[in-house]
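Report on the following structure.
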Amino acid sequence: MAIRKPVLLIDDSENSKIARELLEDNQIEFVEYHVRRFEEDCCVDLPTTRAPALFAPEGLFRNLEGIKEYLTIEKTNSTSESSESAYW
């Protein structure tokens, strides 16, 4: 079964650049999607969603604070997964 990658919604802001770097520095695989692509591909904008935002199986994480929260959750999940496997 394939693991779903989170989707990072970005724009041209400095916060989006920082969000991308945070995920890369923590070796989190993700799919990057620029807000502008919605306008070009889908003919619609996203008026209520602000970038950066991370759409992940664990939930929606907005702004840099939310993405940092996601990293904390991921670290907890990866630690518990490896410790559980040691007992099996």
Side-chain angles (χ1 to χ4, degrees):
M1 182 168 97
I3 297 175
R4 293 183 180 183
K5 295 180 187 176
V7 176
L8 178 63
L9 183 66
I10 62 165
D11 58 12
D12 295 325
S13 70
E14 185 66 24
N15 281 348
S16 289
K17 179 182 175 187
I18 293 169
R20 182 184 317 115
E21 290 171 355
L22 281 171
L23 293 172
E24 289 172 348
D25 290 347
N26 285 279
Q27 287 107 24
I28 303 291
E29 291 186 46
F30 62 96
V31 176
E32 186 175 293
Y33 206 83
H34 198 286
V35 174
R36 192 177 326 123
R37 287 182 58 189
F38 278 99
E39 295 172 11
E40 295 169 359
D41 295 347
C42 305
C43 303
V44 67
D45 61 349
L46 298 171
T48 59
T49 303
R50 301 244 188 311
L54 188 73
F55 299 88
E58 295 82 2
L60 173 61
F61 301 88
R62 294 186 176 117
N63 302 316
L64 289 177
E65 294 78 27
I67 293 171
K68 289 175 184 177
E69 178 185 343
Y70 171 77
L71 293 173
T72 302
I73 292 169
E74 275 300 297
K75 287 179 184 176
T76 303
N77 287 344
S78 66
T79 303
S80 66
E81 286 175 10
S82 61
S83 63
E84 286 179 19
S85 66
Y87 295 106
W88 296 101

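The side chain to side chain donor-acceptor pair (under 3.5 Å) test applied to Glu29 returns Lys5, not counting sequence neighbours. Considering only residues two or more places apart in sequence or on other chains, Asp12 meets the side chain to side chain donor-acceptor pair (under 3.5 Å) condition with His34, Arg36.
In this structure, the separation between CZ on Arg4 and CD on Glu58 is 11.0 Å, given to the nearest 0.5 Å. Rounded to the nearest 0.5 angstrom, Lys68 NZ and Asn26 CG are separated by 11.0 Å.
No continuous path of hydrophobic side-chain contacts links Ile67 to Tyr33 [ILVMFWY only; heavy atoms under 4.5 Å]. Residues Val31 and Leu8 do not share a hydrophobic cluster, clusters being chains of Ile/Leu/Val/Met/Phe/Trp/Tyr side chains in contact below 4.5 Å. Taken together through direct or relayed side-chain contacts under 4.5 Å among Ile, Leu, Val, Met, Phe, Trp and Tyr, Leu71 and Ile10 form part of one hydrophobic cluster. By the rule that hydrophobic residues join a cluster once side-chain heavy atoms approach within less than 4.5 Å of another member, Phe30 and Ile73 end up as members of one cluster.
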Using a 3.5 Å cut-off and no angle test, enumerate the donor-acceptor pairs between side-chain atoms of residues 15-24 and protein atoms at least two apart in sequence or in another chain.
from  : atom 1 : to    : atom 2 : distance (Å)
Ser16 : OG     : Asp11 : N      : 3.1
Ser16 : OG     : Asp11 : OD1    : 2.8
Ser16 : OG     : Ser13 : OG     : 3.3
Arg20 : NE     : Glu32 : OE1    : 2.7

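Closest approach of Ala53 and Leu60 over heavy atoms only: CB-CD1, 4.4 Å. Closest approach of Phe61 and Ala56 over heavy atoms only: CE1-CB, 4.2 Å. For Leu54 against Tyr70, the heavy-atom pair with the smallest separation is CD2-CD2, 3.3 Å.
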